Amino acid sequence: MSARIVVLSAPSGGGKTTIARAVRDRYGDRFGFSVSATTRKPRGDERDGTDYHFWTRRQFQEAVAGGTFLEHAEYAGELYGTLKSEVEKIVRSGRHVLLDIEVEGARQVREQYPPPQSVSIFILPSDPRVLLERLRQRKSESAAEIKQRLKRAKHELRQSKLFDRWIRNDDLGTAVQDVVSIADGAEGLGRQKEDIDWISNYGAGLEQQAKRFYDELQQQKG
Ligand code: ADP
Ligand code: 5GP
């Protein structure tokens with residue numbers, strides 16, 4: 001299988017950043033990570049040019065007008081986009097292109113590069129409780145931001161049906177291996193009957209967890 005565009009999407013806390021980093025670190029000879037542009041501010045130890053290209057809104061809008069982006073979308077009030085130049089650089093090196101992007105961008109990539117040129121992967125821990133736990137334990141968002149991301153997760157879960165593959169991010173090593181196998185063209189991962197049931201019930205499970213979280217916040221306030 002020749003090099004392809006590998007799209008990783010997940011609701012916030014699903015693990016796409018962790019998995020993309022691990023694939024980049026362990027399989028850098030076979031995968032290149034496309035560094036996106038964004039208008040959001042750097043967090044923690046994030047570095048310009050490595051994690052994102054941190055741009056002003058004006059820079060970003062000029063780039064949109066100039067046709068610089070392969071895809072772009074808004075997420076939580078900030079703009080994010082994949083630069084054509086990043087993708088072309090990796091394609092020239094003969095490696096798979098790893099994109100960590102949200103669902104609207106994933107749709108745009110699928111349209112421009114239908115499978116097998118691209119493969120889109122939706123990532124979730126098996127248990128919705130674990131998703132919320134990981135999001136909370138990451139401690140990079142306020143309670144209000146977590147609430148916003150949980151709301152957005154509902155929409156993302158509906159979009160998950162359009163993805164080519166689903167991966168369970170329980171054990172990190174297994175999830176990384178799954179991404180590598182899928183990129184290399186392995187069939188049969190995800191989309192079994194039990195996976196369809198799993199994804200179909202996920203929204204309701206997450207809703208329950210979100211409600212418990214909101215109740216907890218309410219109690220802390222009162
Ligand atoms: P996303 O980029 O999808 O929002 P992250 O990659 O930031 O998610 O993962 C959310 C949190 O869960 C992070 O704190 C990360 O360290 C943790 N995490 C991700 N994958 C695993 C895993 N397989 N096992 C345990 N913790 C994980
Ligand atoms: P974060 O701010 O947490 O790094 O990312 C927020 C969301 O934006 C995540 O779902 C991430 O996958 C998505 N994202 C990051 N880069 C891009 C991009 O270039 N294009 C699109 N469409 N989404 C992106």
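Everything numeric here is computed off the predicted structure, so don't read it as measured data. What you see below is based on every heavy atom in this structure, not just the backbone, and it leaves out hydrogens, waters and symmetry mates. Counting starts at 1 for both ligands and their atoms, in listed order.
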(request) Quickly, which of E145, E78, E46 forms a salt bridge (Lys or Arg N to Asp or Glu O under 4.0 Å) with R40? Name it, please. (result)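 Among the candidates, only E46 passes.
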Got more than 12 heavy atoms from elsewhere within 6.0 Å of [atom1], [X]?
X: Y27; atom1: OH; value: yes
X: R43; atom1: CZ; value: yes
X: R21; atom1: CZ; value: no

Ligand-residue contact atoms, ligand 1 with [X], heavy atoms, under 4.0 Å:
X: G14; result: 3 (O), 8 (O)
X: T17; result: 1 (P), 2 (O), 6 (O)
X: D170; result: 22 (C), 23 (N), 24 (N)
X: N169; result: 19 (C), 20 (N), 21 (C), 22 (C), 23 (N)

(request) For S34 and I90, work out which heavy atoms get closest and say how close. (result) N-CD1, 3.7 Å
[X] near ligand 2 by a heavy-atom separation under 4.0 Å:
X: F69; result: no
X: R149; result: yes
X: R40; result: yes

How long is the span from the [atom1] atom in [X] to the [atom2] atom in [Y], to the nearest 0.5 Å?
X: T82; Y: E71; atom1: OG1; atom2: CD; value: 3.5 Å
X: W166; Y: D195; atom1: CH2; atom2: CG; value: 6.5 Å
X: L150; Y: Y214; atom1: CG; atom2: OH; value: 4.5 Å
X: L124; Y: L157; atom1: CG; atom2: CG; value: 6.0 Å

(message) Whether E133 and R129 form a salt bridge (side-chain N of Lys/Arg under 4.0 Å from carboxylate O of Asp/Glu) is what I want to check.
(response)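 Looking at R129 and E133, the cut-off is not met.
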(message) Under a 4.0 Å threshold between the charged nitrogen and the carboxylate oxygen, would E111 count as salt-bridged to R107?
(response)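 A salt bridge links R107 with E111.
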Show the atoms of ligand 2 that are less than 4.0 angstrom away from any heavy atom in [X].
X: R43; value: 1 (P), 2 (O), 3 (O), 4 (O)
X: T82; value: 19 (O)
X: A73; value: 22 (N)
X: G105; value: 22 (N)
X: G81; value: 18 (C), 19 (O), 20 (N)

Nearest protein heavy atom to [atom], by residue and atom, and its distance?
atom: atom 1 (P) of ligand 1; value: K16 NZ, 3.4 Å
atom: atom 20 (N) of ligand 2; value: E71 OE2, 2.7 Å
atom: atom 13 (C) of ligand 2; value: E102 N, 3.6 Å
atom: atom 19 (O) of ligand 2; value: S36 OG, 2.6 Å
atom: atom 9 (C) of ligand 2; value: K16 CE, 3.6 Å
atom: atom 8 (O) of ligand 1; value: G15 N, 3.1 Å
atom: atom 14 (N) of ligand 2; value: D100 O, 3.6 Å
atom: atom 4 (O) of ligand 2; value: Y52 OH, 2.6 Å
atom: atom 7 (O) of ligand 1; value: R138 NH1, 2.8 Å

(request) Kindly identify the option in R21, R136, R134 whose heavy atom sits closest to atom 25 (C) of ligand 1. (result)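 Shortest heavy-atom distance from atom 25 (C) of ligand 1: R134.
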(message) Regarding atom 6 (O) of ligand 1: of the candidates V130, L172, L124, T18, which has the closest heavy atom?
(response) T18
(message) Between R95 and S93, is the side chain to side chain donor-acceptor pair (under 3.5 Å) condition met? List the steps.
(response) CA-CA 6 Å; R95 294 173 297 162; S93 72; 2.8 Å; yes
(message) For R138 and S140, which I'm curious about, is there any donor-acceptor pair between the side chains at under 3.5 Å?
(response)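 On atom types as modelled, these side chains qualify, holding a pair under 3.5 Å.
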(message) Looking only at the side chains, is there a donor atom on one of S120 and R110 sitting less than 3.5 Å from an acceptor on the other?
(response)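 Result is yes, a qualifying pair exists.
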(message) Angle between ring planes, W55 versus H53, binned at 30° and 60°: parallel, tilted or perpendicular?
(response)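 Rings of W55 and H53: tilted, 30 to 60°.
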(request) Over 60° means perpendicular and under 30° means parallel, so classify the ring planes of F69 and H72, tilted if in between. (result) tilted
(request) Would you mind telling me if ligand 1 is within reach of the side chain of D100, the backbone, both or neither, using heavy atoms under 4.0 Å? (result) neither
(message) Heavy-atom pairs closer than 4.0 Å: do any link ligand 1 to the side chain of P11, the backbone, both, or neither?
(response) backbone
(message) Heavy-atom pairs closer than 4.0 Å: do any link ligand 2 to the side chain of Q108, the backbone, both, or neither?
(response) neither
(message) Polar contacts were defined as any N/O atom of the residue lying under 3.5 Å from an N/O atom of the ligand; does this apply to A10 and ligand 1?
(response)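 A10 vs ligand 1: no N/O contact under 3.5 Å.
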(message) With nothing but distance in play, are any N or O atoms of I19 less than 3.5 Å from an N or O of ligand 1?
(response) no
